[in-house]
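Here the structure is laid out as structure tokens; the discussion comes afterwards.
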Amino acid sequence: MTPTDGTPTSQSPAPTPAPDELPTTYRAADVESALYARWQAAGTDVAHAERVTRMGGGRDPYTIVMPPPNVTAILHVGHGLNNTVQDVLIRWRRMAGDEALWLPGTDHAGIATQNVVEKQLAAEGSSRSALGREAFVARTAQFVETTGGQILQQLKSIGASADWSRTAYTLTEPMSAAVTEAFVRLFEDGLVYRGHRVIHWCPRCMTSLSDEEAEFNETQGAMYHIRYRLADDPSQSITVATTRPETLLGDVAVAVNPTDERYAAFVGRQLTLPINGVHIPVIADDYTDAAFGTGAVKITPAHDPNDFEVGKRHALSAPIIMDAEARMNGMGDDAHRVPPELRGVDRFEARERIVNMLRDQGALVKVEAHQHSVRHCYRCDTVVEPRLSDQWFVKMAPLAAPALAAVRTGRIRILPERWEAVYINWLEGIRDWNISRQLWWGHRVPVYYCDSCGAAPKASRTTITTCPDCGAPARQDEDVLDTWFSSWLWPMSTLGWPNMESSDLKAFYPGDVLVTAPEILFFWVSRMIMSGCYFMGDAPYHTVYLHGTVRDMQHRKMSKSLGNGIDPMDVVQLYGADALRWTMVAGMGLGVDVLLDPTDLEKSFAPGRNFLTKLWNIGRFLLTKVGTEPVQPLSAIATESLTIADRWILDRLDAAIGEANSALGPVRPGTGGCWTEAERTAGMRLDAYADAGRRFVWNELADWYLETVKPRLAAGGADAEVARAVLVHCFDGALRVLQPVIPFITETLWAKLPAISDGSARGTEFLTTSAWPAARPARAEGGDAFELVRNAVLGIRQIRNEYKVKPGKSVAVTLLPSAADAAPAPLLAETIGALTRATVTIRGTEGSPAAAGGASAQQVLTGGTEVVIALSELLEAESAEDTAKECARLRSELDQTQKILDGVRAKLSNESFTSRAKPEVVDGARAQERDLAQKVDALTRKIEALCGTR
RNA sequence: GGGCGAAUAGCUCAGCUGGUUAGAGCACCUGUCUUACACACAGGGGGUCGGGGGUUCGAAUCCCUCUUCGCCCACCA
């Protein structure tokens, strides 16, 4: 954690605020945990299956299953981002009237957890083998029991509104039953099989890995060229090239391309392996690329997947020359292949020694630098060793087909869209999935063997202790299943599958959105889709939302080892959960990385903290000015009594609601259950949604409406009542829109809003369970006139600033509106004046600039309205210098304006443009021409007045 | 080696099917403690939209090409 100097929010001891008195800055710590507890007590986050339409209820279901974090994990910002996105969606839909279920849980994380416990044991001078299987599993379960699930508590402190009553864990009884059911069913369907082949083996974790778990790393290695001499004529030889010379002890052949004339004479003859002297044949196989390396490949079937295939084609043996810990060791009949001095030597040590031995024997032709990809264990980063063994595999092609179709037909969309291509590409070339692991922590493979009668292995839903064929004791498979084999069932198993009568399953499957990071698209996302299609006959969700990664300022992924992480709990403590949530959501484009500076939390989370303080102060102002007396419902206020400002802000609120809705987008695909092309990429712009709320509350409500309403409230009377009603309505709407991102502060402020006088109240006790706002059915016309006020105020401020008029000084302003219908002039003038410390006179269009009298500063606003202020008002003592400067400025402005005008006129006189461009574009250009012409005119007159004609 | 994506203000990014003077946040500069907020308010500067070519009346937007980054996949020993 980075100390930040003087952060009042967290460091000053909170003085207990008098009741009804709000401190000037929002103190998250004062409200968040207590409020969360109140939500929990009220059960605001619990979903009810019977309320869902699929169960005869009245609400659409909206389901998100949480990507289960590792049970022993500690919350990091990545989790924070992931869960905040889900929480925003869930809270939005909950307010919108859906039966929203966010299903949380944790994953037993086979390898990861086992590694942690093994490390503990090592520190105690023990090991898993010393402990034995049963004790080790008990110990690990104990470890999970005491330290696990912490992360779920942490999620609560960032405001996650998951349904904790349904919290799941992959190693519980029901989840295990689901795993067994899935395995057995696939087994019965012929989609699970036992395979004897070369797989990725982690010699540190002592288990096999799937293709996805063995990650590529570009590594600078070496290519060793080694000479193998002919057995019957040592003067002749073939040179092979390899990156792993130690494997030569297991070579059974050298392969050359059948068309390679260089080696044609060698095919069929025997070579002598250096070091162990074993004789191996030269074979011809298409696998060898004559153009690569030396054009001759050593074949080591037991230690290379390709070589294994070549070996099978040529009926060659597959001697194993390394043990499970990747030490050199020959097995059984092949023991002689590893010379005594190399036995038990680690593979990398052996590599060096063998290279030296080859050099001594003159068999090492050359060593060249070679950059290549080496696979590493995704859990411990150890270099993976290809190893021949028996493993359980899932046949993937039949599962992949419906999963491909789901995306192709639009049943599922993946956002950002570009990942769809990646998904399709992977599924099209999918390979079988190795699901067995030589670990102890996980779901045991539900397959049983009989050693006495030799019956075929049986997969069983229930434990088999005696062989059904001969009655001898049966033996269960020692291996456990890949962690991801339980994860891929998660969207179903957490809802009660395989019990098809489970009300949760019926009500909430299929779900809606999966929110996760692109890294686990293959590990998890696509497999869930496959299992959903296979076991449930339908995909588990319609939208896959892949968010970016949280990175530091050098764009490095935050990681423990780099020490560049941010602890979300620190942020919560300093600025509150809302600030954390806001900063992440507002700073996050679709699929775009979030950049945060771990060395400066103050700077990183300023956007969130600043916005919260602003919102808090808007609330303070509003609540103190409006008071606690009930306000009239908006519906009770006659349209005529609404001022232009009222009409305008009500329009703006409706617009903000509309923008939030379209940013969040279509909730689910329309009829037919498939996304249309237009819908497919729409919505899920959480940053745009947050921005719509921020803009309304800050740039419209606070910056403009609040300022205009001050005098009205002070004046009291009927108009003040109108203002109060509008104010409360708008703030209420803003809080509703913002609740999903910043639930704590909005709930706190909302609770303090005055009641509605007709007793209609606001529906619920909590904002979080209140209704998502809707635009008014009918708007009151005339709010647009407020744009004149805004433009005039901006114009006056600009002029005042240019002339450096002291903020306290008031000036006389003449306004010449372009449109004759310019609404109630006196009221507008008063409003403008109040906002700019000016005495404003509004003249009709007949008023001429000359009428403003003498030399003046003028500004033409959008729409053609002119703001005129006499120079005598602006210049304390008008100096020749000032005048000259102003003249120069005006002339250059005139030039520029004229240039733009010429351009627009040229465009307008071009028939191709007027006939082909869209009508509204042409109209826009015409309006622009009018405005520009007026501006040129005004500038010309101004220059005449101030600088004299030239 | 294959595939995909990106290049717009100092930084992070918006700019929809080509059409007003290319926007936002942060950063920067100037002024202001204006009785909700200095975690604020007001004003301002800053971009030949990666280079080159093409299509078009018109290109940040479409096409080609080059350059530079990033991501995913891949059994080249």
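In what follows, chains carry the letters A, B, and so on, assigned in the order in which the sequence lines appear, proteins first and then strands, with residues in each chain numbered from 1.
- Ionic pairing of A:Asp593 and A:Arg551 is present here: one or more N-O contacts between side-chain nitrogen and carboxylate oxygen are shorter than 4.0 angstrom.
- Among the heavy atoms of the strands, none lies under 4.0 Å from A:Arg695.
- With both ends at atom C1', the span from B:C71 to B:G52 equals 27 Å, rounded to whole Å.
- Under the side-chain contact (heavy atoms from CB on, under 4.5 Å) rule, A:Ile280 has a single partner from A:Leu316, A:Ile299, A:Leu271, which is A:Leu271.
- Going from the C1' atom of B:U30 to that of B:U55 covers 47 Å, rounded to whole Å.
- Residue A:Arg926 contributes atom CZ, which lies 15 Å from atom P of B:U20 at whole-angstrom precision.
- Between the NZ atom of A:Lys907 and the P atom of B:G18 there is a distance of 15 Å, given to the nearest Å.
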In 5'-to-3' order, the base (B), backbone-only (S) or no-contact (-) status of each nucleotide in nucleotides 23-36 of chain B, using a 4.0 angstrom heavy-atom cut-off, is -------------B
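- No salt bridge links A:Arg926 with A:Glu929; every basic N to acidic carboxylate O contact stays at or beyond 4.0 Å.
- Atom CG of A:Leu701 and atom P of B:C37 are 16 Å apart (whole Å).
- Annotation: side chain of A:Val256 is not in contact with side chain of A:Val297 (no heavy-atom distance under 4.5 Å).
- Comparing B:U17 with B:U32, their C1' atoms sit 47 Å apart, to the nearest whole Å.
- Put simply, OG1 on A:Thr708 and CZ on A:Arg790 are 11.5 Å apart, with the number rounded to the nearest 0.5 Å.
- Atom-to-atom, OH of A:Tyr423 to C1' of B:G5 comes out at 20 Å; the value is rounded to the nearest Å.
- Around the CD atom of A:Gln371, the shell of radius 6.0 Å holds more than 12 heavy atoms that belong to other residues, nucleotides or ligands.
- Contact check on A:Asp30 versus A:Arg27 returns a salt bridge, with a Lys/Arg side-chain nitrogen under 4.0 Å from an Asp/Glu carboxylate oxygen.
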Walk along nucleotides 67-77 of chain B from 5' to 3' and tag each nucleotide B, S or - by protein heavy-atom contact under 4.0 Å, base first, then sugar-phosphate. ----SSSBBBB
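- Using C1' as the reference atom, B:G50 and B:G31 are 38 Å apart when rounded to the nearest Å.
- The gap from the P atom of B:C75 to that of B:C13 amounts to 32 Å, rounded to the nearest Å.
- The phosphate of B:U12 (OP1 or OP2) has a side-chain N or O of A:His555 nearer than 4.0 angstrom.
- Put simply, OH on A:Tyr26 is 18 Å from P on B:A38, counting in whole angstrom units.
- Between the CZ atom of A:Arg27 and the P atom of B:C37 there is a distance of 15 Å, rounded to whole Å.
- The shortest distance between side-chain heavy atoms of A:Leu209 and A:Val384 falls below 4.5 Å.
- B:U67 and B:G25 have their C1' atoms separated by 30 Å, given to the nearest Å.
- Note on A:Ile430: nothing from the nucleic acid sits closer than 4.0 angstrom, heavy atoms only.
- Tested against A:Ile226, the residues A:Leu273, A:Val240, A:Thr239, A:Val365 include a single side-chain contact (heavy atoms from CB on, under 4.5 Å) partner, A:Val240.
- Taking atom CH2 of A:Trp704 as the reference point, atom C1' of B:A40 lies 16 Å away to the nearest angstrom.
- Rounded to an integer number of Å, the gap from CZ of A:Arg916 to C1' of B:U56 is 8 Å.
- Under the 30°/60° scheme for interplanar angles, the aromatic rings of A:Tyr378 and A:Phe523 are found to lie parallel.
- Spacing between B:U34 and B:A40 at atom C1', rounded to whole Å, works out to 11 Å.
- A donor atom on one side chain and an acceptor atom on the other are not found under 3.5 Å apart for A:Thr219 and A:Asn217.
- By the 4.0 Å N-to-carboxylate-O rule, A:Arg244 lies close enough to A:Glu385 to be salt-bridged with it.
- Rounded to a whole angstrom, the distance from the P atom of B:G51 to that of B:U8 is 10 Å.
- A side-chain contact (heavy atoms from CB on, under 4.5 Å) with A:Leu388 holds for exactly one of A:Asp304, A:Val198, A:Ile199, A:Thr300; it is A:Val198.
- Pairing analysis of RNA chain B (Watson-Crick: purine N1 to pyrimidine N3 plus N6-O4 or O6-N4; G-U wobble: N1-O2 and O6-N3; both under 3.5 Å) yields stems of 3 or more pairs at B:1-7 with B:67-73, B:10-13 with B:23-26, B:28-32 with B:40-44, B:50-54 with B:62-66.
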